[in-house]
Enquirer: 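Quick one: the structure is below, and I'll ask about it shortly.
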Amino acid sequence: MMLLIDAGNTRIKWALAADASKPGQWLDYGAVMHADAAQLADAWRAAFTTHAAQGHGAVTRVLAANVAGAAVREQLERMLAAAGNAEAIEWFASIPERAGVKNGYRNPGQLGCDRFAAAIGAHALAPGRAIIVANCGTATTIDAVTADGVFLGGMILPGLGLMATSLARNTAQLPQIAQGGPLPSGFADNTDDAILSGLLAAQAGAIEHACMLHQAEDCLISGGAAQYISPALTARVPHQLVDNIVLIGLHAAVVHPDHGGADLDRPC
Ligand SMILES: Nc1ncnc2c1ncn2[C@@H]1O[C@H](COP(=O)(O)OP(=O)(O)O)[C@@H](O)[C@H]1O
Ligand SMILES: CC(C)(COP(=O)(O)O)[C@@H](O)C(=O)NCCC(=O)O
Ligand SMILES: [K+]
């Protein structure tokens, strides 16, 4: 089995996959806020034990994309050891080329490794197509991948939660709004809805703008806030919600022909 980890600035997401599985086929999956990261040891121990007993063997590979800093990196190492696994974590990094995707950043190592993994995941799901991949987490990243697998670059915005908090923190009269609820009318008639309308227009508008600029054939939307943003996208941009594109990309990087062969089901 392999353990895949996506440590973002808000939550740590993980998936356990069988050795001969296709990207996105998980035996188990979980997510914790950073404050609850100590729960990972028990969750992982239980998952490893259950699936080993079902004939999937031990975890022999652990691949992690971490953009949340050194303390999180050390905590993940402690959690894995506490879960009874002695494998070293392989830290996924942004390099000039991996798994059929060329990294077009001027300095390839400066690209967030979660974004590089998401680009690999998007290209694996929709090879031969021009893609916009939006990862709506703490930040919203909106990245362009060409049909032949070149990560052109992208956009970084504050995520939906950060936008909401910055308005509430820096004004006297604006409240902290909840992210969910029904899609408000474009021109809202009350403060909460007007804020939500503005935030969703900013997020969805940026994604649509990127799709137009790139003449995208596919638009993949992932991340914790994707479920709130996707209803705000207009029909002009057909899009698909994908659960954790970063984990899919890590999985695709492991099973890509560079590393031994992949055979993917395209979702779109
Ligand atoms: N239960 C939740 N807890 C925290 N954030 C949530 C939750 N549900 C949705 N969100 C939204 O998802 C974002 C976090 O998404 P995630 O993809 O995990 O981010 P990151 O990869 O940056 O850690 C939050 O900023 C918030 O907008
Ligand atoms: C843009 C990000 C903060 C997104 O992180 P997330 O919202 O997923 O926690 C992360 O990818 C990052 O730190 N990137 C480095 C700078 C760059 O990609 O250009
Ligand atoms: K993100």
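Predicted model, so just to flag it, every value in this text is computed and none were measured. The figures here come from the full heavy-atom set of this structure, side chains too, leaving out hydrogens, waters and symmetry mates. Remember, it's 1-based here, ligands and their atoms both numbered in the order they're listed.
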Enquirer: Just how far is it from atom CE of M33 to atom CD1 of I12, taken to the nearest 0.5 Å?
Expert: 10.5 Å

Enquirer: Anything with a heavy atom under 4.0 Å from ligand 1 counts, so go ahead and list those protein residues by chain and number.
Expert: G8, N9, T10, R11, K13, M33, G137, T138, G161, Q179, G223, G224, A225, Y228

Enquirer: Using every non-hydrogen atom in the two residues, find where A225 and Q179 come nearest and quote the distance to one decimal.
Expert: CB-OE1, 4.2 Å

Enquirer: Could you tabulate the donor-acceptor pairs under 3.5 Å formed by side-chain atoms of residues 182-195, not counting sequence neighbours?
Expert:
from, atom 1, to, atom 2, distance (Å)
S185, OG, F187, N, 3.3
S185, OG, F187, O, 3.2
N190, OD1, D192, N, 3.4
N190, OD1, D193, N, 3.0
N190, ND2, D193, OD2, 3.0

Enquirer: Would you compute the distance between atom CD1 of I221 and atom CD of Q203 and round it to the nearest 0.5 angstrom?
Expert: 10.0 Å

Enquirer: Answer yes when E87 and R61 have at least one side-chain N-carboxylate O distance shorter than 4.0 Å, and no when they do not.
Expert: no

Enquirer: More than 12 foreign heavy atoms under 6.0 Å from CD of Q54: is that the case here?
Expert: yes

Enquirer: Judged by modelled atom types alone, do H251 and S21 share a side-chain donor-acceptor pair under 3.5 Å?
Expert: yes

Enquirer: If you look at every heavy atom in L160 and T140, which pair is closest and at what distance?
Expert: N-OG1, 4.4 Å

Enquirer: Under 3.4 Å from the K ion (ligand 3), which protein N, O or S atoms do you find? Ignore water molecules.
Expert: N135 O, A139 O

Enquirer: How many angstroms lie between CG in D19 and OG1 in T60, if you round to the nearest 0.5 Å?
Expert: 5.0 Å

Enquirer: Looking at every non-hydrogen atom in both residues, tell me the closest pair between A31 and R11 and how far apart they are.
Expert: CB-NH1, 3.9 Å

Enquirer: Compare every heavy atom of I5 with every heavy atom of L250, then report the nearest pair and how far apart it is.
Expert: CD1-O, 3.3 Å

Enquirer: Under a 4.0 Å heavy-atom cut-off, which residues neighbour ligand 2?
Expert: G8, N9, V67, Y105, Q110, L111, G112, D114, R115, T138, A139, T141, I156

Enquirer: Restricting to non-hydrogen atoms, name the atom on C113 and the atom on S94 that form the minimum distance, rounded to 0.1 Å.
Expert: CA-OG, 3.3 Å

Enquirer: Which heavy-atom pair separates L80 from W44 by the least distance, and what is that distance?
Expert: N-CZ3, 3.8 Å

